[in-house]
Amino acid sequence: MDFLEGLNSQQREAVTHVGGPLLILAGAGSGKTRVITHRIAYLIHAHGVPPWNIVAVTFTNKAADEMRERVEKLLGGSYSLRGLVVSTFHSFCVRLLRRDGARLADVRPGFTRDFTIYDEDDQLAVIKAVYRHLGLDEKHFMQYRAALSRISYAKNHKQTPDDFLKSAKDPKSRQLGVVFEEYEGRLRQANALDFDDLLLETVRLLQFDEDTRRAYNERISHLLIDEYQDTNRSQYELMRLLTQTHQNVCVVGDEDQSIYSWRGADIRNILDFERDYPDAVTIRLEQNYRSTKTILAAAGAVVANNKERKGKTLWTAGPAGQKVGIYQALDGENEALFIADTIDRLISDDPSDRVAVLYRTNFQSRQIEEALRRYGRPYKVVGGFSFYQRAEIKDVLAYLKVIVSPQDSISLLRIINTPARGIGKSTVEQVERYALEHDLDLWQAIVRMLEEKRFPTRAEAALEAFRKLIEELREIAAVEPVDAVIRAVLDRTGYLATLKRDDSPDAESRVENLEELANAAAEAAERGEGIAEFLDHAALVADADSVDEQAQISLLTIHNAKGLEFPIVFIAGLEEGLFPHIRSLESESGMEEERRLCYVGMTRAQKRLFLTWARYRRRFGGGHSEPCIPSRFLSEVPAELTEALGRNEPAEVNLAAEQFLVRESVRRTTYTGKTYNSLDNIAEFFASRGRGREVAPPPPPQAKPVVVPPPAPPKPAARSSGKLTTGSVIQHPVYGRGTVVRREGDGEDAKLTVSFPGYGLKKLIAKYAGLKTGK
DNA sequence: TGATTGTTTGCTCCA
DNA sequence: CAAACAATCA
């Protein structure tokens, strides 16, 4: 096994330098994932390091899975990788706390290893409750999110509510200190940890509990940390605490790609590594294997405007490539149409090219999605509104949380009257008041109040039924696997029945989502996961984990694009106030971070890069357009590396020349219904549009629109749907060819489960999906 | 109590 | 425009 083959000399050095701290400064596209995976394989193979002595930390779960697979592949199956830990910091901490966290109770009273994880929505619910209790409101005091971010900042800087109160000078800060205090109190009472706590409490445990610390130090002989530039203070301390015995820590990062300071990432961690570990060896990877010379030079010129950096020069042996395309659109719609039109042409030329459309904020995806739909081009959106954020999913998960941890009052509040079971606002308030007075969690309060017969008869019956329900579910949970528990929740709470009674398309998709959740649970159960692990997974999945690298067109924020590469990249919305974002304009450091973000975005491109901006953009859906100033980043790209598209070169793209004409036709065809943000919903999209309406046949799919094609309407219902049986091959307007794997019902109303290569299983209603029998 | 309607207000980025 | 909240009515 030769792990050094195909590596350049710096990469080799990074792989083979063993013993002592190592800092790898890896520029964009310099093959750092490759270095890490090869290094792990090398440690195991050449140095006989047992896999269970190695811990590698990555930024996303997906990156972790991939890294593991790549190491496995490198070692060619001749080693078992049992015990090798590759995960995110957060997953690592959760596992550590669940396994060895019992003694944390000594420093965090009430803590048990069954703790719940509070995500941002839960945190918001806590803050809202605290505000309500203190008689504060968002308008006169502070926005919920602002308060949360201040609290998070304080926590990450090792401030307790007490410290905070002591250092508070003005009344507002003092008030916030009280909010902070109560926020922490409520989390403790619920035995819940927020995302900050997961890291912080692990640090505290390791500091306080010498046995655990020693055990982990002995076990971990080699620690590797990816994306080191985005670690925060607790992650840094964790690294220090875990490398006390062996100092074999290898960190890989690039200060030019630090884009998470708002999450506490501290760029000093990487800038000061050599000071923290005086015997550290530093290796620079400066050869880029990803982008063309032009793209690299353009991105480098932008980031060169930053002052806070070590400074490095990336070079590539690759071709010069085409110039960076810059397009000035009239407005957001026109920008989206330009992007869709250009993608359509590029993909028609070379279907193997994958394209990414990157943007600063999620809301920008909407218009681009609409434009792509009009061109009939399937796409995948990463992030935005994720599966686990949907109300129905959160509801069911809240039931699970309450089942596992009765103290979890936030989840309890969520489900106490969902579906409606006669426990109204006033009853809930009564319970809350009682709980507060007697220092109980809500569940305890309910039980006690029932015993003391404190409710009017109607409320009492409802609450008694609720208590029974939860207790029954708990009994089921004690013996049954997760998926069975979810089924029980869906059935016994009447949740599913309530949804099924509702015949809106919305309710229908909710049922499907729940179906999906149950499937996911069944898979988890097969892997031997319990409820707690399933919940952990749901809490720790990231948007970026859902990236589909096969997708031909991906829409995602630049943040989510970190670590990825695409042959063709568009960055949309390069306007002052949007990118750089308005909230970063005030401070120099905020500005520099935006610039790094721009650098990250640009360096995702392998062959072709387009930067677009709009002269007018609407802030809110219905409002009027506001004029925009082109982003400063556009002018930081040297003019000789760019070419203006549209306006001056109608041959290149016809849209600009016809801008106003385009707008006319766009106005007529704009779809004003619900927004859909993922490919999964496209079938539904077509379905709801086709309902009860006469529609013209769609344009031929491959037609090259000169200006803007009419929206691709759904194809008329296939008359032949009666013939569709298991095994039939059909043609879908979006997913292409697929095979029917299951059928429920007959004729036009038949529900089909179809397997589409590249998209997986999709459930379709024959009548609405616009299917044709394929050849 | 709970569903329906009316009104307001708002857009970072994310594990 | 659309979610979130408030107010109103059954």
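Chain letters run A, B, ... following the sequence lines, proteins first, then strands; residues in each count from 1.
A close approach under 4.0 Å does occur between a side-chain nitrogen or oxygen of A:K128 and OP1 or OP2 of C:dC5. Phosphate contact (OP1/OP2 of B:dT1, side-chain N/O of A:S426, threshold under 4.0 Å): present. The shortest distance between the side-chain N/O atoms of A:T557 and the OP1/OP2 oxygens of B:dT12 is not below 4.0 Å. Side-chain nitrogen and oxygen atoms of A:T427 include at least one within less than 4.0 Å of the OP1 or OP2 phosphate oxygen of B:dT1. When the side-chain nitrogen and oxygen atoms of A:R366 are compared with OP1 and OP2 of C:dA2, one or more of them lie within a distance under 4.0 Å. Within the 4.0 Å cut-off from OP1 or OP2 of B:dC14, at least one side-chain nitrogen or oxygen of A:N362 is found.
For the pair A:Q123 CD and B:dA15 P, the computed distance is 13 Å after rounding to whole Å. Atom P of nucleotide B:dT9 and atom OH of A:Y144 are separated by 13 Å, given to the nearest angstrom. Separating the NZ atom of A:K425 from the P atom of B:dA3 is a distance of 14 Å, rounded to the nearest angstrom. Between A:I259 atom CD1 and B:dT12 atom C1' there is a gap of 13 Å when expressed in whole angstrom units. At whole-Å resolution of the value, CZ in A:F363 and P in C:dA3 are 16 Å apart. The interatomic distance linking A:L124 (CG) with C:dA3 (P) rounds to 17 Å, in whole Å. If you take NZ of A:K562 and C1' of B:dC13, they are 12 Å apart, rounded to a whole angstrom. We find that CD of A:Q143 is positioned 12 Å from P of C:dC5, with the value rounded to whole Å.
A:Q364 comes within 4.0 angstrom of no nucleic acid atom, judged by non-hydrogen atoms across all strands. Contacts of A:D543 with the nucleic acid, taken as non-hydrogen atoms under 4.0 Å apart, involve only primed sugar atoms and P, OP1 or OP2. Note on A:R617: nothing from the nucleic acid sits closer than 4.0 angstrom, heavy atoms only. At the heavy-atom level, A:Y260 lies under 4.0 Å from the strands shown only through sugar-phosphate atoms.
Checked against A:Q123 for a side chain to side chain donor-acceptor pair (under 3.5 Å), the options A:Y118, A:Y183, A:Y144 give a single hit: A:Y183.
Note: A:Y260 and A:F59 meet the aromatic proximity criterion, with ring centroids under 6.0 Å apart.
Each of A:L578 and A:R263 was matched to the nucleotide of DNA chain B holding its nearest heavy atom; the match closer to the 5' end belongs to A:L578. When each of A:N560 and A:N417 is assigned the nucleotide of DNA chain B bearing its nearest heavy atom, the one mapping closer to the 5' terminus is A:N417.
No side-chain donor from either of A:Q257 and A:E255 sits under 3.5 Å from a side-chain acceptor of the other. For the residue pair A:D395/A:Y495, the side-chain donor-acceptor check at 3.5 Å is satisfied.
Minimum atom distance to the side chain of A:E120 is reached by B:dC14, of the listed B:dC11, B:dT1, B:dC14. Side chain of A:S584, nearest nucleotide from B:dC11, B:dA15, B:dT12: B:dT12.
For the P atom pair drawn from C:dA4 and B:dC13, the interatomic distance equals 15 Å after rounding to whole Å. Nucleotides C:dA6 and B:dC11 place their C1' atoms 23 Å apart, quoted to the nearest Å.
For the atom pair NZ of A:K401 and CG of A:D408, the computed distance is 6.0 Å after rounding to the nearest 0.5 Å.
Residue ring and nucleobase are stacked for A:W262 and B:dC13, with a centre distance beneath 5.5 angstrom and an angle between planes beneath 30°. In this structure, A:H581 packs face-to-face on the six-membered ring of B:dT12, meeting both the 5.5 Å centre cutoff and the 30° plane limit.
Taking only distance into account, the side chain of A:R360 meets the base of B:dT12 through a donor-acceptor pair shorter than 3.5 Å.
Cation-pi geometry between A:R98 and A:F115 is met: under 6.0 angstrom from the ring centre, within 45 degrees of the axis.
Between A:D266 and A:R233, none of the side-chain N atoms (NZ, or NE/NH1/NH2) sits under 4.0 Å from a carboxylate O, so this pair counts as no salt bridge.
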